[in-house]
Amino acid sequence: MDYRKVAEEIYEKVGKKENLVSAAHCATRLRLVIADNSKCDSKAVEEIDGVKGVFFASGQLQIILGTGTVNKVYDEFLQVSGLSAATKADVKQAAAARQNIFRRAIKTLGDIFVPIIPAIVASGFLMGIMEALNFMVNNGFVSLDTNSSLFVFANLFSNVAYVFLPILIAYSAAKAFGGNPYLGAVIGMLMIHPDLQNAWTVATEGVHIKQSVWFGLYHIDLIGYQGHVIPVIIAVWVMCFIEKKLHKIVPEMFDLFVTPLVSVFVTGYLTYSIIGPVFVLVENGIIDGIQWLIALPFGIGSFIMGAFYAPTVVAGIHHMYTIIDVGQLAKYGLTYWLPLASAANLAQGAATLAVAVKTKNAKTKSMALPSAFSAFMGITEPAIFGVNLRFFKPFICGCVGGACGALFASITQLGASGTGVTGLFGILLCLKSPVQYVLMMAISIGVSFFLTWIFGYQEEAPQTQRAAAEKTTAEETPARKEASPSAELALYAPVQGKVIPRESIPDETFASGILGDGVGIEPEKGEVIAPFNGEISSLTDTRHAIGISGPGGMEVLIHVGVDTVKMKGDGFKLFAHEGEKVKAGQKLMEFDIQKIKKAGYSTTTAVLLANSDDYKSCNVIKTGAVKQMEKIISVEK
């Protein structure tokens, strides 16, 4: 490959230097931030020899080139463009600055809520279970000692995340806004201080604590913010703004006590007197508007939202729905939004399952089947990006199925007692209405599967397949025919653990096969070894991914964890350098499994043959438990 030529062609198609802001690369992709998307011909970039895919994500133009190749193209690109080298953090910051305010807001909400979802899920599950047990005890279905320590403690545990939710949100928001998370937590504590009237009692007791503010200008109700989200986020944003300004102007010798004191006091007064009352009204208006939409006659609003939920996942804006769930839980005791999300997710899974059952293509089946089950568990990205959008019609059928399931959920007023989990396990949050939830699942899955089976996916005619195979055989060169019997290559496990299908890797880019065919490994031991004799072709500066080239021209990417680039190398240690010749079984990396999990990231390690399209076949021959250096993939030239 002529790396210089590839770099020059990319440079031309993206709009040259005047349209470039910065450039960086990771293990497989050239990451560019461009000034004007309309001046970039992404379709033409995708046609360049050596480019395996092009897409816009997080404000960046990401050009997939593969391990080894991306380093060389990047070096040439810097020379051609005249840009200086940038880190991925620099590119990420530049990209964020160029995103519109709506996209930045959605990303920020994701950064705030994703880390606290496990706490909300655990509490929501336990709430559903305890409510179901209380119902069965009160109606004589079961006999349990409700005074036992186990039952009493479980009741206490069940709602703890929701009682102290403002503190969780405030801590996470301060981290997202670049402030001190502990000061953020203090703001959260101020908003549910026990001297304030508990928000849950206002409906039954009325408001009984008032206070004049701003030198008697007006009075406010001293009510806590239990169950509220938007006022907490705005308050913490204000605190972080003040804190960062003070860090710049307060002398260092006074900064330690002046900045925290002023930040918390000023923010606290503004929150009680202005921010809280105003944004409670805003939040209530949003929740009431959503509820009005869901409650439209004959379920029309829910039908529409069920249809458009999956497209919002594609757009990456679905993280904002946590605000709706939490707001409805606070106001109504149930969230009517989560069943709509469940219907949409189950329907996309059913569409993928229909493709898996109907197809006779082994590769499509191996991709679709695990993706379908993943979607049934609430993780839809592999199904949507790897299968449904690829064939498109299944995606539309899934949207229709989701709309029908959401329609039923609305008509029956199906609600969930918590949030964070959809799909089959979502029933644990709907134990007050399990029959309705099961029927909603049946409708979503049934409609989507039926439509996809009949209209959404048509297998290529066998005659066409045979003709294509015969043509390929006829055009095969004698040299290739002679080489075939001995052309099998092998890839051995670089990590000890459990092998899972590529489609089940919890990252749509890996799962869809854009970066090559292969597997995921859920590691049991934090060590990566060389899967064959080869040469280190690339290493990321964050030490979480390794590219290695080997026998028969194989280019393998070993990517430890999902989104672990954000750990900036913490927990990773390399024992090899770029260009080094390595032997099979040689230690290449150590990584801290517990540290990755504690940081909130998946440890699933992608082992991908980046240039799998250059080979006749790439077959997974080992799944389940695997030890290092066990043969997991056979490759045929």
Side-chain angles (χ1 to χ4, degrees), residues 27-28 66-68 361-367 369-371 382 480 482-507 510-511 513 515-538 544-562 575-576 580-591 593 602-637:
T28 59
T67 56
N361 184 300
K363 187 173 182 179
T364 301
K365 188 181 291 289
S366 67
M367 177 171 57
L369 196 58
S371 297
R480 178 172 174 176
E482 291 173 7
S484 294
S486 60
E488 185 178 15
L489 303 166
L491 179 59
Y492 298 86
V495 177
Q496 177 178 317
K498 179 184 176 183
V499 176
I500 62 173
R502 185 203 73 233
E503 297 81 11
S504 296
I505 300 175
D507 178 275
F510 295 143
L515 296 179
D517 210 349
V519 298
I521 300 179
E522 296 174 347
E524 297 174 354
K525 181 181 178 183
E527 181 183 77
V528 176
I529 62 172
F532 43 55
N533 295 332
E535 179 180 337
I536 302 298
S537 57
S538 66
H544 70 290
I546 297 174
I548 178 171
S549 57
M554 289 192 294
E555 297 178 5
V556 172
L557 170 65
I558 305 170
H559 192 289
V560 178
V562 175
F575 295 89
E580 179 181 351
K581 303 286 186 182
V582 295
K583 294 183 178 181
Q586 179 178 332
K587 185 194 290 188
L588 304 180
M589 179 205 294
E590 286 182 353
F591 58 95
I593 294 176
S602 167
T603 59
T604 301
T605 298
V607 181
L608 306 174
L609 181 61
N611 59 337
S612 56
D613 289 343
D614 296 341
Y615 297 89
K616 185 177 180 180
S617 66
C618 177
N619 299 312
V620 178
I621 59 174
K622 173 73 175 179
T623 56
V626 67
K627 294 182 179 179
Q628 288 175 319
M629 292 311 294
E630 276 195 66
K631 188 176 179 181
I632 55 174
I633 294 175
S634 66
V635 181
E636 187 178 356
K637 276 192 172 182

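As the structure is a computational prediction, the values presented were derived from the model and not from experiment.
Going from atom NE2 of His544 over to atom OG1 of Thr605 covers 10.5 Å, rounded to the nearest 0.5 Å. The CG atom of Asn533 sits 7.5 Å away from the NZ atom of Lys583 when rounded to the nearest 0.5 Å. Here Phe510 contributes atom CZ and Glu503 contributes atom CD; the two are 14.0 Å apart, rounded to the nearest 0.5 Å. Atom CD1 of Ile521 sits about 9.5 Å away from atom CD1 of Ile505, to the nearest 0.5 Å.
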Audit row: Leu609, Asp517, side chain to side chain contact (heavy atoms under 4.5 Å, CB included) steps and yes/no: CA-CA 6 Å; Leu609 181 61; Asp517 210 349; 5.5 Å; no
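In this structure, Pro506 and Val562 approach most closely via the heavy-atom pair O-CG1, 3.6 Å. Nearest heavy-atom pair, Phe532 versus Ala490, reported as atom, atom and distance to 0.1 Å: CD2-O, 4.1 Å. Here the closest non-hydrogen pair linking Val560 and Met589 is CG2-SD, 3.7 Å. Shown here for Met629 and Pro531, the closest heavy-atom pair between the two residues is CE-O, 4.3 Å. For the residue pair Pro551 and Leu489, the shortest heavy atom distance occurs at O-CD1, 3.7 Å. Contact record, Val495 with Pro523: CG1-CB, 3.6 Å, taken as the closest heavy-atom pair.
In this structure, the side chains of Leu608 and His559 stay at 4.5 Å or more apart for every pair of heavy atoms. Residues Ile536 and Leu588 meet the side-chain proximity criterion, which asks for heavy atoms closer than 4.5 Å. Using a 4.5 Å heavy-atom cutoff, the side chains of Val556 and Ile548 are in contact. Using a 4.5 Å cut-off on side-chain heavy atoms (C-beta onward), Glu590 and Phe575 make contact.
For Glu535, the salt bridge (Lys or Arg N to Asp or Glu O under 4.0 Å) partners two or more places apart in sequence, or in a different chain, are Lys581. Every residue was checked against the side chain to side chain donor-acceptor pair (under 3.5 Å) condition with Lys622, not counting sequence neighbours, and none meets it. Among residues two or more places apart in sequence or in another chain, the side chain to side chain donor-acceptor pair (under 3.5 Å) test is passed with Thr603 by none. For Glu524, the side chain to side chain donor-acceptor pair (under 3.5 Å) test picks out no residue, with sequence neighbours left out. Residues forming a side chain to side chain donor-acceptor pair (under 3.5 Å) with Gln628 (at least two apart in sequence, or on another chain): Glu527. Under the side chain to side chain contact (heavy atoms under 4.5 Å, CB included) criterion, Ser504 pairs with Pro370, Ile500, Pro501, not counting sequence neighbours.
Of the possible donor and acceptor atoms, one in the side chain of Ser602 sits under 3.5 Å from a partner among the backbone N and O of Thr604.
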